[in-house]
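Below you'll find the structure, written out as structure tokens, and then a few comments.
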Amino acid sequence: MLGIKKSDLRENEPIKASVAGRDFVLVLHNGRVNALDGLCTHEQGPLFEGSVDGDGLVCPWHSGVFDIETGKANENTPWVTDTAHYDVGEDQSGELFIEL
Ligand code: FES
């Protein structure tokens, strides 16, 4: 459990979530909660401090872009490679969990 509810999230405002010593970024996008690895595939920039541009999550360090809904690296920022995308579930109390 993440200790976070969907209602804690704001559309297109990434936040950090930690599970089992790993950091993830959660992004509510088009009404759906997405989870991606928290550290960028380039030089481990903190994606949970990134921003959203269209359907992309932008790394705060060197502006690498990842598709929020798939984790795919944007072809216009070839210095980043694809990252993992995870489905996010909700338990009966509304708390979110990442399906690892
Ligand atoms: S660390 Fe993310 S683009 Fe460089």
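Model, not experiment: these values are computed from the prediction. For ligands, and for the atoms within them, numbers begin at 1 and follow the listed sequence. Computed from heavy atoms alone, side chains included, the values below leave out hydrogens, waters and symmetry copies.
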Legend entry - From Val25, Asp82, Thr41, Asp37, residue fulfilling side chain to side chain contact (heavy atoms under 4.5 Å, CB included) relative to Phe66: Thr41
Legend entry - Minimum heavy-atom distance Gly50-Pro14, with the two atoms named: O-CG, 3.5 Å
Inset, instruction - For Leu36 and Ile68, work out which heavy atoms get closest and say how close. - result: CD2-O, 3.9 Å
Inset, instruction - Sort by chain and number the protein N/O/S atoms found under 2.8 Å from atom 2 (Fe) of ligand 1. - result: Cys40 SG, Cys59 SG
Legend entry - Residues clustering with Leu96 (ILVMFWY side chains joined when closer than 4.5 Å, directly or via others): Leu2, Ile4, Leu9, Ile15, Val19, Phe24, Leu26, Leu28, Val33, Tyr86, Val88, Ile98, Leu100
Inset, instruction - Mind listing the closest non-hydrogen atom pair of Asn12 and His29 along with its distance? - result: OD1-ND1, 2.7 Å
Inset, instruction - Starting from the C-alpha separation in whole Å, work towards a yes-or-no answer on salt bridge (charged side-chain N to carboxylate O under 4.0 Å, His left out) for Arg32 and Asp87. - result: CA-CA 10 Å; Arg32 179 172 170 241; Asp87 288 328; 3.2 Å; yes
